[in-house]
> 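Questions regarding the structure given below will be posed in turn.
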Amino acid sequence: MIPDDNATWMRLRTAICLTLGVAGAAALLKQMLTGNSVVGAGIFAVIVVFGLFLWLQQRYWMLVVLAMIVPMPVIPFGPRWMILSELVVPLAFIFLLANRAVHKTGRVWLVSGPGITPLAYTAWAAMIYSMNPSGFLMMGSGLTGARFYLKIALGLLSFFILSNQKIRDREALWVIFLIVAGSVGQAIHGIAQWKLGVYQAYEGQFYTWQPALTTPLLWMSILLFSVYGVDLLLRVPSWQGLLFSAMVVTSLFTGKRMGVAGIAAVPLVTALVRRHGLLRCAVWAAVLVLMLGCMVAGHGRMFRLPLLIQRSLSYMPGLWDVQVEEGIGYDFRQRLRERALDIVKDKPLFGLKGYALTIEDLPWQSVWGQLSDPDMAASGRNWHTTWLGIAADFGIPAAVIWGLFYLQFVWTAHKTRQIAAITRRQHTLVLMIYVYLVIEIARSMTGGHSALLAYDMWWLYGLVVAVSRTLAEEPPAPADAGTGV
């Protein structure tokens, strides 16, 4: 914790703790006596979150970083559960405003240059919602509807909270840890969803929980290259190189083609961002292509690859098994793109006007889980493409705004990485986010969602803006020798 000498804040904090404790105990007792466990759970969760904020003091925002990564269910809410971010982020925003008001440590940056594109995108989405509102509960509580607008709002609030913090070297180290550990927690949550029967495999589906491994593998790979660099990591022999090779091999067992491509591309993207190590990357790429070529050429002739590996490599021509051929032969992504393109041509300004369900969507909502059906995916606005998807949901102007956001994000990350000393953890954090951003942009034609992208990307952008502002206000002291972490 950070010691706080502000006597007024100490007294106020004590008063808040006592008030919350007494009120919470009374409310919980009342709910227990009346048998209302949902309200009781909500009260308890709010008290715990505020208690954590008060205990963390000036580092309360780190709980936001964790909450944006791990979709932990905390409170039952109608037919679904409220997840951790839906509780933590609004409370953290209130805490930010109250904290600044008490400490008088400076203004809260809400409308500023770095926040122009997130604000513009949110404003456009709010206008769409006012034109075509949708509900929270039965009609789209977890599948589409107002829940997606909430995701956009949470993304914006997380940007406000994080961009208004001071992220020095010590905080940067904690954020790096939270990102990697949180991605592991996200994978555990995803695996548990399948193991506990929340998700059910449809007939013929041979990969279920395995894709959950792609996110932690990607972040760990990015961390390795951000800390050790391309030259050291691809040197033979090196334990770092062996570890990365093990990650690539593990990613082949996820069945996610773009996941494997993203992890394998980390060395190249890191080298491009740092403008160093391109020759070693070329050697790495040649070795990787040769190895994958041998696997594809040998499959069906000399040996048989597991189905998961076959699917991970199915973008390459090969003698794939029937189960894999059926999946790649039915190009539902292309049908989705064609459907989205038709919507954009027909309604270029506003698209479908957001996420409100129509009567045509109801049959597909009742069979949620048949992910190979383009009608079902379209009803959940899961277009499997960023640009056509945003334009189909919100219109072409929204897609243009999102493109401007990506440009602003890239520019901010590039300038901040140049300012941060290469031996400092701030540099490592910004470089990690920069590499992740470039990979996300590169695969935007095969994935992305008009609401979930805002939720996933704006808090990362807030971290980069916070480091940039910290470096501008507090020039870094001489860094310790060694690597960034």
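Please read these numbers as outputs of a predicted model, since none were measured by experiment. All heavy atoms count here, side chains included; hydrogens, waters and symmetry mates do not.
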> Can you name the nearest heavy-atom pair linking Gly318 to Val296, along with the distance?
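That closest heavy-atom pairing would be CA-CG1, 4.0 Å.
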
> I'd like to know if the side chain of Ser251 and the backbone of Val260 have a donor-acceptor N/O pair within less than 3.5 Å.
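Pair absent, no side-chain N/O of Ser251 close to backbone of Val260.
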
> Minimum heavy-atom separation for Ile179 and Trp219, please, with both atom names.
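Closest pair (atom of Ile179, atom of Trp219, distance): CG2-CD2, 3.6 Å.
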
> Just wondering, are more than 12 heavy atoms of other shown residues or ligands nearer than 6.0 Å to CE in Met72?
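No - once you tally the heavy atoms of other residues, nucleotides and ligands closer than 6.0 Å, there are 12 at most.
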
> Hey, are the side chains of Tyr406 and Leu453 touching, using non-hydrogen atoms and a 4.5 Å cut-off?
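Side-chain contact under 4.5 Å: yes.
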
> Assess Arg257 against Tyr315: is NZ or CZ under 6.0 Å from the centre of the six-membered ring, and within 45 degrees of the ring's axis?
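The answer is yes, since Arg257 meets both limits relative to Tyr315.
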
> Using a 4.5 Å cut-off on heavy atoms from C-beta on, say whether the side chain of Leu156 contacts that of Phe93.
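They are not in side-chain contact.
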
> Report the C-alpha separation of Ile161 and Val89 in whole Å, then their side-chain angles, then the decisive distance to 0.1 Å, and conclude whether the side-chain contact (heavy atoms from CB on, under 4.5 Å) test is met.
CA-CA 8 Å; Ile161 296 163; Val89 172; 4.1 Å; yes

> Using only atom types and a distance under 3.5 Å, with no angle test, would you say the side chain of Trp209 pairs donor to acceptor with the backbone of Trp194?
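No, Trp209 side chain to Trp194 backbone: no donor-acceptor pair under 3.5 Å.
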
> Could you check Met316 against Met295 for side-chain contact (heavy atoms from CB on, under 4.5 Å), going step by step and ending with a plain yes or no?
CA-CA 11 Å; Met316 304 174 69; Met295 293 173 63; over 6 Å; no

> Are any side-chain N or O atoms of Thr386 and backbone N or O atoms of Gly447, one a donor and one an acceptor, separated by less than 3.5 Å?
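Between the backbone of Gly447 and the side chain of Thr386 there is a qualifying donor-acceptor contact (under 3.5 Å).
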
> Once you measure the plane-to-plane angle for Phe409 and Phe405, does it fall in the parallel (<30°), tilted (30-60°) or perpendicular (>60°) bin?
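Phe409 and Phe405: tilted rings.
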
> Please, which pairs that meet salt bridge (Lys or Arg N to Asp or Glu O under 4.0 Å) have at least one residue in residues 382-402, sequence neighbours excluded?
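Checked against salt bridge (Lys or Arg N to Asp or Glu O under 4.0 Å) - neighbours excluded - the pairs reaching residues 382-402 are Arg381-Asp393.
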
> Could you measure the distance from the CG atom of Leu217 to the CZ atom of Phe244? Nearest 0.5 Å is fine.
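Taking CG in Leu217 and CZ in Phe244, the distance rounds to 10.0 Å.
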
> Check step by step if side-chain contact (heavy atoms from CB on, under 4.5 Å) holds for Ile152 and Tyr455.
CA-CA 6 Å; Ile152 297 174; Tyr455 181 84; over 6 Å; no

> Could I get the full list of side chain to side chain donor-acceptor pair (under 3.5 Å) partners for Tyr60, not counting sequence neighbours?
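If we apply the side chain to side chain donor-acceptor pair (under 3.5 Å) test to Tyr60, skipping adjacent residues, the hits are Gln165.
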
> Exactly one of Met62, Gln426, Gln58 should register a side chain to side chain contact (heavy atoms under 4.5 Å, CB included) with Glu171. Which one does?
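Of all the options given, the one that passes is Met62.
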
> Are Val70 and Leu84 packed together at the side-chain level, in the sense that at least one heavy-atom pair is separated by less than 4.5 angstrom?
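No. Closest side-chain heavy atoms not under 4.5 Å.
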
> For Thr214 and Ile263, work out which heavy atoms get closest and say how close.
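Heavy atoms of Thr214 and Ile263 come nearest at O-CD1, 4.0 Å.
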
> Run the ring-ring contact (aromatic ring centres under 6.0 Å, His included) test against Trp459 and tell me which residues pass, sequence neighbours left out.
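In terms of ring-ring contact (aromatic ring centres under 6.0 Å, His included), with neighbours along the sequence ignored, Trp459 is linked to no residue.
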
> One pair to check against side-chain contact (heavy atoms from CB on, under 4.5 Å): Trp174 and Arg425. What are the steps and the verdict?
CA-CA 10 Å; Trp174 274 105; Arg425 293 155 184 164; over 6 Å; no

> Examine the side chains of Trp458 and Ser158 and answer whether a donor and an acceptor come within less than 3.5 Å of each other.
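The answer is no; no qualifying pair exists.
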
> Quick check: do Val464 and Leu437 have side-chain heavy atoms less than 4.5 Å from each other?
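The answer is no; the side chains never approach within 4.5 Å.
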
> Output the distance between atom OG1 (Thr385) and atom CZ (Arg337), rounded to the nearest 0.5 Å.
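Atom-to-atom, Thr385:OG1 and Arg337:CZ are 6.0 Å apart.
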
> Apply side chain to side chain donor-acceptor pair (under 3.5 Å) to Trp284 and list each qualifying residue two or more places apart in sequence or on a separate chain.
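Once residues adjacent in sequence are excluded, Trp284 has no partner under the side chain to side chain donor-acceptor pair (under 3.5 Å) criterion.
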
> Closer than 3.5 angstrom, by distance alone: can the side chain of Glu86 be matched with the main-chain N or O of Ile83 as a donor-acceptor pair?
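Yes, the answer is positive, given that a donor and an acceptor are paired below the 3.5 Å cut-off.
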
> Does a sphere of radius 6.0 Å around CE in Met291 hold more than 12 heavy atoms from other residues, nucleotides or ligands, not counting ones at 6.0 Å or beyond?
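At most 12 heavy atoms, drawn from other residues, nucleotides or ligands, come within 6.0 Å of this atom.
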
> Whether the side chain of Glu338 engages the backbone of Leu336 through a donor-acceptor N/O pair (distance < 3.5 Å, no angle test) should be reported.
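Between the backbone of Leu336 and the side chain of Glu338 there is no qualifying donor-acceptor contact (under 3.5 Å).
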
> Measure the spacing between CG of Leu352 and CD1 of Ile128 and express it to the nearest 0.5 Å.
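That separation rounds to 10.0 Å.
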
> Under the rule for side chain to side chain donor-acceptor pair (under 3.5 Å), what residues qualify as partners of Thr117, not counting sequence neighbours?
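In terms of side chain to side chain donor-acceptor pair (under 3.5 Å), with neighbours along the sequence ignored, Thr117 is linked to Gln408.
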
> Testing the basics here: between Leu87 and Pro90, what is the closest heavy-atom pair and its distance to 0.1 Å?
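Scanning both residues completely, I find the closest heavy atoms to be O-CD, 3.7 Å.
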
> Please check if the distance between the ring centroids of Tyr121 and Trp124 is under 6.0 Å.
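Between Tyr121 and Trp124, the centre distance exceeds or equals 6.0 Å.
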
> Looking at the rings of Tyr355 and Phe394, which for Trp means the six-membered one, are their centres under 6.0 Å apart?
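When the ring centroids of Tyr355 and Phe394 are compared, they turn out to be within the sub-6.0 Å range.
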
> Which pair of heavy atoms, one from Ala187 and one from Ala212, lies closest together, and at what distance?
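In this case the closest contact between Ala187 and Ala212 is CB-O, 3.3 Å.
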
> Which heavy atom of Val430 sits nearest to which heavy atom of Ala413, and what is that distance?
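That would be CG1-O, 3.6 Å.
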
> Drop me the distance from Leu218's CG to Leu213's CG, to the nearest 0.5 angstrom.
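One gets 12.5 Å once the value is rounded to the nearest 0.5 Å.
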
> Evaluate the side-chain proximity of Trp61 to Phe95: yes if any heavy-atom separation is below 4.5 Å, no if none is.
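With C-beta onward as the side chain, the pair stays apart.
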
> NE2 of His449 to CH2 of Trp383: how many Å apart, nearest 0.5 Å?
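His449 atom NE2 to Trp383 atom CH2 measures 10.0 Å (nearest 0.5 Å).
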
> Taking atom CG of Leu305 and atom CG of Leu252, what is their separation to the nearest 0.5 Å?
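One finds 9.0 Å between CG of Leu305 and CG of Leu252.
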
> Does the side chain of Ile309 come within less than 4.5 Å of His299's, by heavy atoms?
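No, every pair of side-chain atoms sits at 4.5 Å or beyond.
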
> Can you find a heavy atom in the side chain of Val64 that is under 4.5 Å from one in the side chain of Val88?
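The answer is yes, as the side chains (C-beta and beyond) meet within the 4.5 Å cut-off.
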
> Is it the case that the side chain of Ser226 and the backbone of Leu223 share a donor-acceptor pair, with hydrogens and angles ignored and the cut-off at 3.5 Å?
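No.
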
> Kindly write out the residues that satisfy side chain to side chain donor-acceptor pair (under 3.5 Å) with Glu440, not counting sequence neighbours, or none if the list is empty.
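So Glu440 forms a side chain to side chain donor-acceptor pair (under 3.5 Å) with Arg443.
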
> Any side-chain heavy-atom pair from Tyr461 and Pro114 closer than 4.5 angstrom?
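They are in contact (side-chain heavy atoms under 4.5 Å apart), so the answer is yes.
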
